[in-house]
Amino acid sequence: MEFVDMLKSVARKWLDRWERDRVFEADPDSSRPKFFITAAFMYPNSPAHMGHGRTYLVADVLARFWRMRGYDVLFPMGFHYTGTPILAMAERVASGDRSFIEVLVKRFDVPPNLIEKMKDPLFMARYFHEESKRVFKEYGLSIDWRREFTTIDPEFRKFIHWQFKKLKDMGFIVQGSHPVGWCPKHQMPVGAHDTQGDKEPDIGEFVAIEFSDGELRYPTATLRPETVFGVTNLWVNPRERYCVIELENSGKKWVVGEKACERLQYQLRFKVVECFEGSELVGRVVRNPVTGEKVPVLPAEFVDTSFATGVVMSVPAHAPYDAAALLDLKKRSDLPQQLLEVVRSIEPRKIIDVPGIEEPLALFALRKYGISSQEDFEKLEEATKFVYSTELGRGSMIKDLHEKVPAAEGYEHLAKEISGASVQVARDRVREELLNRGDGRIVYEIINKPVYCRCGSEVVVKLLENQWFINYGDPRWKELAKKLLSSMKIVPEEARAQFLATIDWLRRRACARTRGLGVPLPWDPSWIIESLSDSTIYMAFYTVVNRIREAKLDPEKLSEEFWDYVLLGKGSSSDVARKLGVDESTVERIRREFDYWYPLDWRVSGKDLIPNHLTFFIFNHAAIFPESKWPRGIIANGWVLLKGGKMSKSRGNIVLLKDLVHTWGPDPTRLAMAIGAEVPQDFEITDDLMKTAISYIRRVYTLIKELREKCRNVSNGVADRWLVSKVFKLIDEAGKDLENVRIRSAAIKVFSQVAQAVEEYLSMVEAPSREVVEKISDAWVRSLAPFTPFIAEELWEQLGGESYVSLARWPEAREIDYEALLSVELASRVIEDVKSIARATKKERIRMVAIYAYPASVCSAVRVALSCSSVRDIGKALTEAGIPKDRAFKLAQRMIRVLRELDDEAKELLRNACIDEVEALKELSSYIAKKVGADRIEVYSALDAEAPDLGGKKGAAVPLKPGIYIE
RNA sequence: GCGGGGGUGCCCGAGCCAGGUCAAAGGGGUCGGGCUCAGGACCCGAUGGCGUAGGCCUGCGUGGGUUCAAAUCCCACCCCCCGCACCA
């Protein structure tokens, strides 16, 4: 724990200095290339949590890396106040919701004396905003905080107004009606966060098919309009009340359940004519609008008169409920004789075929699930699910549908057209036809009814009229979006398909709502722009917001001309300046700033935002900006999980970033986020992971200390050259990893693999060379900086580095000493082989190891063997190297085998280096002896006729695989 | 249902797009050893099976196919995860 305490105090020290020296404030600098990265801003309805920690770390590591690569880096952050959840939360506080207040106090550490103020949603937003910002700073994010803003700032409002005017001018904003979950008491739309148990109201689109008795219409609501061909009767609930309503526009008179009536008023305009008992409807005869057949209205208790219209069409061949109710009815003796005869004459009519099942599927399902009455609700639900999904998935309309069923006037062609068609196709066709001919109309209902608002009222469906939409369905726009997508880098690449699919199926999206914090629609301020619609191009706003404030421009004067000039370069700076009452140069400077930073280089966010925010981000950039300002890439990172489960804000089972940073320190938290998994993958946050991160840091920290303490003015020959090459090679590879957003891999290289190499070096030499230590510790500390900047600054200072390591250059790749790398590679292969032999021979103690290796003269033959596998060519090269012909060809064959099994890295070494194996192994013999625990190592040339041939191993030698004899 | 992704050794995961160099990277766990007060801290080694000389056999969801050669390509099937909108 002492080490963690040290890390924490080091962090405080450097945090203060960074702030003091404004290290991460970014201004345009034409002498350097620029790099602009943003992460999705947070919605401050709770403190920042581990998920934010991960997304922002990804952005920060890249920002820091590119800064060290010499780029002028801008990494800003803002806060997204837009939305309704905070409203719902403030309301819960206001209503004295105990459990919720407990979450605030106990989990989120809100001081109890502030709870009262949390009744104000704006206060709540500000509170969590400020707290999160504090934590982000402690976390070591290299953010330019001068550019921070919230989405309720007046400047931002004007910016969004400009964007929406642009979209409207391009014809991408349309108006229409739209169903939403609605609380009758609040008179407001409700989302999942407004309901009891956070249950999402699931809105289903039903077709109400109008059966008629000449005067009244009986709208039967169904999700399966294609089954209208199989209707044998209608159902009403005889124990409930029904009403006749007159629809305002058409004047049609509908018979609907009394309870349904109350719910339907939110989507239809009508007046109630009269109400009566459902039993009065029983026995009436109505006409099927599609087949023209006359069918009776019959009683069934399973009918829920509050659901949709409360009138149901009966398709006993394909709906288990209908089948069960019909069977029940046939057994009843209390019906009037005449009706009973009608009932008994009803036979299910099969209109859908399912391969392999001859009988109508509903009847099959009754037997399969053992259903004997319409009261078997649970079994009936299961059977219904089975029938619906089976028929939709595998079913098709019967081949001779048009011969089996009559057709009403106007529907003569429909049955023929869909005969034999799949249920999916038939459903859409029938639906379309019914709606077109005015025999059906859409009604909505909550499928998972009942859903209750937090206030206790049952949620209904409200048809919002005059709703504003962004029309992502516009084919011109889709094309542009696809073009933009194809020009972008996507991490992970697998997500590209998902983006493409999303672009394809996006239609229109409601972009404004009736309440919540945010920006009002410019042309209709009674609507607030919805949160995913006001956050699509705000990255551009970061580039100029600080300049606008600095110049003290009046937000109200930030006209469309202003934004046109600044963001698109349209119009003239002098006009804009005059209207603003400022110097032309001020306006020009703002324009230049945008022009310098844009386009965005990387957009980082959680992968959950791919089908919404990130796709909207693509669409809107494609619409608003010219191609030269289109974003260059998207990084979608995975989740941080908590013991296998997902976190849930409302239940308070989340890990706050603050808690991680305060418990473990910022550097370990950052490193854990980096090594938990590669960017696209999920990982679990555990104490073990945190401890691993700490041990990585400790290992590096103590090794650097040890190197510096133990080093002497000595030279260790090949070991020195090996370490320098190895370390620089690893760091260079880590740099390539970071270029490709392989953050985990890069972190493991600099924290673990470099440390391993250093440890290996320490076991090779008596004392580390001072020159080597200076070279590698300087580079090593630099390479740590993107991941664990605080301890890196501390070490940098100890090494005597100037300024900040955060501003230093990433180590340049340097000449690699392939001979040294190959020598050690050879030695470690020998070590492996010796161990393998000892294991196979069960030798516990090794007295002596004799090694037969090749001198440098075989190098050219090795090169030949690397590029081809012709025994003749290799053999020839070996002969030229002085190897007797009789041995050369056998050796060539073995070389092919050995070389084939090498990995790319070893091959690279062989191509670039030529070593005398004998000399190299002699030099490293004490290292080998140490590693294998041998008393003595003898190295001979395999070509030395004088050397003893122990165990006949002299002839076993192959280049890179020396012959080995052990005792 | 529609759309997207995926099934690899005890577990997590790389590799598959550009077939051989893959018994298959890297973690974790487990076992053994060391560091010798102790260890959940750290280090070393082992971890499919067999093997007294560095080797052999089996193997990457299931079943087929293409090929001299398949974890990698093709077909079918089974299973899992994610998204589906007014919710940030």
Side-chain angles (χ1 to χ4, degrees), chain A residues 3 40-45 80 82-86 178-181 189-194 198 200 203 388-389 392-393 423-424 427 464 467-470 472 492-502 504-514 516 530-533 535 606-613 639 649 675-678 680-684 686-689 691-692 694-695 698-699 702 744-745 748-749 752-753 759 763 829-830 832-843 897-904 906-907 931 951-953 956 961-966:
Chain A
F3 185 70
F41 52 15
M42 70 172 285
Y43 184 63
N45 69 336
H80 197 197
T82 307
T84 51
I86 289 182
H178 184 65
V180 294
V190 288
H193 52 266
D194 301 308
D198 286 346
E200 175 90 45
I203 297 173
Y388 281 26
S389 65
L392 182 64
V423 166
Q424 284 173 54
R427 179 170 300 173
L464 283 179
Q467 171 68 263
W468 291 99
F469 296 90
I470 298 183
Y472 292 120
E493 188 53 41
E494 288 81 0
R496 189 182 296 278
Q498 202 186 345
F499 276 111
L500 208 52
T502 306
D504 272 331
W505 69 242
L506 267 181
R507 301 287 174 253
R508 42 175 221 178
R509 178 186 171 85
C511 64
R513 68 159 84 90
T514 51
E530 171 274 338
S531 59
L532 284 172
S533 301
S535 57
K607 64 181 180 183
D608 47 326
L609 299 188
I610 292 172
N612 43 68
H613 163 71
W639 312 103
K649 277 189 199 174
I675 63 176
E678 206 54 273
Q681 256 97 49
D682 300 344
F683 67 85
E684 270 180 44
T686 58
D687 284 4
D688 279 351
L689 176 64
K691 285 174 186 164
T692 302
I694 291 169
S695 72
R698 185 187 353 235
R699 185 173 171 202
T702 52
R744 177 177 186 271
S745 168
I748 286 173
K749 284 198 175 82
S752 182
Q753 295 184 15
E759 283 163 356
S763 74
R829 278 169 189 273
V830 168
E832 278 304 305
D833 281 353
V834 170
K835 284 181 180 171
S836 170
I837 293 163
R839 192 163 45 245
T841 55
K842 298 198 166 52
K843 283 197 168 63
R897 259 180 46 208
V898 168
L899 293 176
R900 204 181 54 199
E901 282 171 16
L902 295 180
D903 53 35
D904 290 341
K907 281 183 185 166
K931 292 297 260 189
K953 290 296 162 185
K961 198 164 181 64
I964 294 166
Y965 171 80
I966 66 177

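In what follows, every chain begins at residue 1, and chains take the letters A, B, ... in the order their sequences are listed.
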Residue [X], side-chain atoms from C-beta onward, closest of [options]:
X	options	answer
R509(A)	C87(B), A88(B), G6(B)	C87(B)
L532(A)	A85(B), C87(B), G54(B)	C87(B)
I748(A)	A85(B), G26(B), G4(B)	G26(B)
A501(A)	C87(B), G3(B), G6(B)	G3(B)
A497(A)	G4(B), A53(B), C87(B)	G4(B)
E494(A)	G5(B), A85(B), A88(B)	G5(B)
W505(A)	G3(B), A88(B), A53(B)	G3(B)

So, using salt bridge (Lys or Arg N to Asp or Glu O under 4.0 Å) as the criterion, who are the partners of [X] when residues are at least two apart?
X	answer
R509(A)	E530(A)
R744(A)	none
D504(A)	K482(A)

Using residues 492-502 of chain A as the side-chain source, report each donor-acceptor pair under 3.5 Å to any protein atom, sequence neighbours left out, with the distance given to one decimal.
unit_1	atom_1	unit_2	atom_2	d
E493(A)	OE1	R496(A)	NH2	3.4
E493(A)	OE2	R496(A)	NE	2.6
R496(A)	NH1	L485(A)	O	2.9
R496(A)	NH1	M488(A)	O	3.4
R496(A)	NH2	M488(A)	O	2.8
T502(A)	OG1	Q498(A)	O	2.7

With the criterion being N/O to N/O and under 3.5 Å, what pairs connect the protein with nucleotides 36-42 of chain B, and how long is each?
unit_1	atom_1	unit_2	atom_2	d
C42(B)	OP1	S695(A)	OG	3.2

Contacts of R427(A) that satisfy side-chain hydrogen bond (donor to acceptor under 3.5 Å, both in side chains) - sequence neighbours left out:
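For R427(A), the residues satisfying side-chain hydrogen bond (donor to acceptor under 3.5 Å, both in side chains) (neighbours in sequence not counted) are E226(A).
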T84(A): which residues meet the side-chain hydrogen bond (donor to acceptor under 3.5 Å, both in side chains) condition with it, sequence neighbours left out?
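Once residues adjacent in sequence are excluded, the partners of T84(A) under the side-chain hydrogen bond (donor to acceptor under 3.5 Å, both in side chains) criterion are H193(A).
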All ring pair (Phe, Tyr, Trp, His ring centres under 6.0 Å) counterparts of Y965(A), not counting sequence neighbours
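Residues passing ring pair (Phe, Tyr, Trp, His ring centres under 6.0 Å) with Y965(A): none at all.
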With sequence neighbours left out, write down each residue that passes ring pair (Phe, Tyr, Trp, His ring centres under 6.0 Å) with F469(A), or none if nothing qualifies.
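So F469(A) forms a ring pair (Phe, Tyr, Trp, His ring centres under 6.0 Å) with H178(A).
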Would you mind reading off the distance between Y388(A) atom OH and C2(B) atom C1', rounded to a whole angstrom?
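Atom-to-atom, Y388(A) to C2(B), this comes out as 19 Å.
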Rounded distance in Å - CZ (F683(A)) to P (G27(B))
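Computing the F683(A):CZ to G27(B):P distance gives 18 Å.
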For P611(A) and G83(A), take the nucleotide of RNA chain B holding the closest heavy atom to each; which residue's nucleotide lies nearer the 5' end?
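With P611(A) and G83(A) compared, the 5'-side residue is P611(A).
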Nearest nucleotide by nearest heavy atom, which residue falls closer to the 5' end of RNA chain B, Q498(A) or D608(A)?
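Nearer the 5' end of the strand: Q498(A).
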Can you label the angle between the Y43(A) ring and the H80(A) ring as parallel, tilted or perpendicular, going by 30° and 60°?
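The arrangement is perpendicular - the two ring planes meet at more than 60°.
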Can you pull every protein N or O that's under 3.5 Å from an N or O on nucleotides 10-16 of chain B?
unit_1	atom_1	unit_2	atom_2	d
A14(B)	OP1	Q681(A)	OE1	3.1
A14(B)	OP1	Q681(A)	NE2	2.6

Short side-chain to backbone donor-acceptor contact, D682(A) and W639(A), under 3.5 Å:
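Yes, because the side chain of D682(A) sits within donor-acceptor range (under 3.5 Å) of the backbone of W639(A).
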Would you please enumerate the stems RNA chain B participates in, each stem being three or more consecutive Watson-Crick or G-U wobble pairs with both distances under 3.5 Å?
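The stems that RNA chain B takes part in, listed by first number, are B:1-7 with B:78-84, B:10-12 with B:26-28, B:29-34 with B:42-47, B:48-50 with B:55-57, B:61-65 with B:73-77.
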Sequence neighbours excluded, which residues qualify as side chain to side chain contact (heavy atoms under 4.5 Å, CB included) partners of T514(A)?
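Testing T514(A) for side chain to side chain contact (heavy atoms under 4.5 Å, CB included), a comparison that skips the adjacent residues, returns P189(A), W527(A).
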